[in-house]
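One structure below.
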Amino acid sequence: MASVSSQPQFRYTQPPSKVLHLRNLPWECTEEELIELGKPFGKVVNTKCNVGANRNQAFIEFADLNQAIAMISYYASSSEPAQVRGKTVYLQYSNRQEIVNNKTTADVAGNVLLVTIEGTDARLVNIDVLHLVFSAFGFVHKITTFEKTAGFQALVQFSDIETASSAKNALDGRSIPRYLLPENMSPCSLRITYSAHTDLSVKFQSHRSRDYTNPYLPVAPSAIDASGQFGVGLDGKKLEPESNVLLASIENMQYAVTLDVLNQVFSAFGPVQKIAMFDKNGGLQALIQYSDVQTAVVAKEALEGHSIYDGGFCKLHISYSRHTDLSIKINNDRSRDYTIPSPVMVNPQPSILGQQPMQMMGAAAPHQYNGGQYAPNPEQPVMHHQPPAGWGASGPVGPQHMPHMMNNHHPYMPPPGSMPQMGHGMMQHQQHMPSQGGAPQHPGSMPPNRPDQMQ
DNA sequence: AGCACA
């Protein structure tokens with residue numbers, strides 16, 4: 001025995017192991033090269049590259065101890081040393097009996113992302129905002145949020161690894177778009193790794209956690225009592241129940257606000273399903289329908305009080321509508337159903353909305369709102385699932401455009417307050433418009449720089 | 001050229 005145990009790490013004779021320790025490997029030696037090296041002697045069942053401070057060591061594990069012995073024995077008596085890329089490598093038995101591959105969990109791709117929200121106001125980030133951000137890449141099944149030493153974190157569950165990966169690649173290191181956050185909030189960036197989870201357990205819908213696959217999941221009592229930011233539309237207890245349909249009234253309407261303009265503005269937060277415009281008291285109002293309440297909530301919070309055009313023109317006031325599904329009977333310049341691919345509609349007739357706009361239509365209502373057409377026709381509220389790709393992961397505003405959006409250059413949504421950057425010359429021209437009373441503009445009077453013509 | 005690190 002003598003000196004065998006005196007300096008364990010520098011013994012020249014190791015007890016045999018099916019794991020071999022390799023040194024002096026070339027830079028960035030690959031697993032394939034190690035397998036090639038060991039293959040003549042047996043079955044290589046595992047390897048580990050880039051070991052040690054210089055990352056030039058490695059391990060090879062054989063299926064059988066005799067195979068490792070064969071390799072050591074061969075090179076012990078061979079005139080040709082073991083080589084990788086012409087470089088001599090030194091072999092010996094490892095002092096361990098098996099390779100433990102410590103792949104960090106963050107390196108193993110999965111369908112659940114671990115998101116760390118960084119920033120002084122990180123914990124103020126609403127779960128609905130997170131949902132919206134990640135929905136751009138596919139249907140978000142569940143979100144849970146929690147506080148850890150790392151800060152404010154969230155687990156975001158997608159249906160598959162591919163979707164999660166695309167979200168991670170696009171969002172890791174980026175900031176949440178400013179217009180999705182309250183104005184006075186400092187920026188929040190996202191750090192994203194893969195979680196080892198595959199299916200999150202969400203017991204309640206709450207301000208901390210959501211299960212979007214199960215809209216009927218009970219609402220956490222704490223969330224109801226808090227009555228603050230939370231509402232999934234399951235309980236009618238709130239004073240102004242959240243809705244997937246927004247009622248927007250437009251004040252100080254110096255310029256024409258068309259259906260297209262509204263669509264551009266509101267589509268920044270998710271696909272707009274339907275829009276219906278109508279007049280009330282000489283002003284313009286519109287109902288904007290999203291597929292889900294969460295999107296509407298974010299849109300309302302972002303847009304409320306902001307003006308479509310610089311200078312406080314066409315200022316938006318937004319509330320939740322009592323509608324859940326607008327009945328659009330015809331696509332024209334005042335109403336549009338974007339869920340119907342073709343503008344051809346059966347039995348065309350003037351736009352009929354539900355009760356809410358009907359009540360608002362006074363004597364000044366345009367003639368196309370025909371009396372006999374007002375019969376309420378409430379459709380069955382449809383429980384829409386999340387759109388497959390929020391902002392259009394496969395559409396024109398896909399993840400590849402996220403950097404733009406993150407820089408507040410979202411093509412559809414300049415930050416509120418500086419929205420459609422109208423040319424000043426045009427604004428002067430518009431001063432001639434006889435629109436002090438906020439009367440709706442005819443189509444020919446719309447500003448030339450409509451949002452949908454800008455990038 | 002000398003044993004991995006969550």
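Reckoned from all heavy atoms, side chains included, excluding hydrogens, waters and symmetry mates.
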In terms of heavy-atom contacts, does NZ of A:Lys87 have more than 12 from other residues, nucleotides or ligands at under 6.0 Å?
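Count over threshold, so yes.
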Distance in Å, A:Ser307 OG paired with A:Asn252 CG, rounded so as to fall on 0.5 Å steps
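Result: 7.0 Å between the selected atoms.
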Measuring from atom OG1 of A:Thr163 to atom CZ of A:Phe134, what distance do you get when rounded to the nearest 0.5 angstrom?
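A:Thr163 atom OG1 to A:Phe134 atom CZ measures 13.0 Å (nearest 0.5 Å).
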Can you tell me how far [atom2] of [N] sits from [atom1] of [X], to the nearest Å?
X: A:Asn54; N: B:dA4; atom1: CG; atom2: P; answer: 13 Å
X: A:Asn95; N: B:dA4; atom1: CG; atom2: C1'; answer: 10 Å
X: A:Lys48; N: B:dC3; atom1: NZ; atom2: C1'; answer: 12 Å
X: A:Asn50; N: B:dC5; atom1: CG; atom2: C1'; answer: 15 Å
X: A:Leu25; N: B:dG2; atom1: CG; atom2: C1'; answer: 13 Å
X: A:Leu22; N: B:dC3; atom1: CG; atom2: C1'; answer: 11 Å
X: A:Ile99; N: B:dC5; atom1: CD1; atom2: C1'; answer: 14 Å
X: A:Tyr194; N: B:dA6; atom1: OH; atom2: P; answer: 20 Å

Answer yes if the ring centres of A:Phe62 and A:Phe41 are under 6.0 angstrom apart, and no otherwise.
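That pair fails the under 6.0 Å test.
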Select base, sugar-phosphate, or nothing to describe what A:Glu98 touches, counting heavy atoms under 4.0 Å on all strands.
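The residue A:Glu98 makes base contact.
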Looking for any heavy atom pair under 4.0 Å, which part of the strands does A:Val19 touch: base, sugar-phosphate only, or nothing?
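Result for A:Val19 = nothing.
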Closer than 4.0 Å, any side-chain N/O of A:Gln92 to the OP1 or OP2 of B:dC3?
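So the side-chain polar atoms of A:Gln92 never come under 4.0 Å of the phosphate oxygens OP1 or OP2 of B:dC3.
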On DNA chain B, check which nucleotide each of A:Tyr90 and A:Val51 is closest to and give me the residue with the more 5' one.
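In this pair, the answer is A:Tyr90.
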I want to confirm an ordering. Mapping A:Gln97 and A:Lys87 to their closest nucleotides on DNA chain B, which one lands closer to the 5' end?
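The residue mapped nearer the 5' terminus is A:Lys87.
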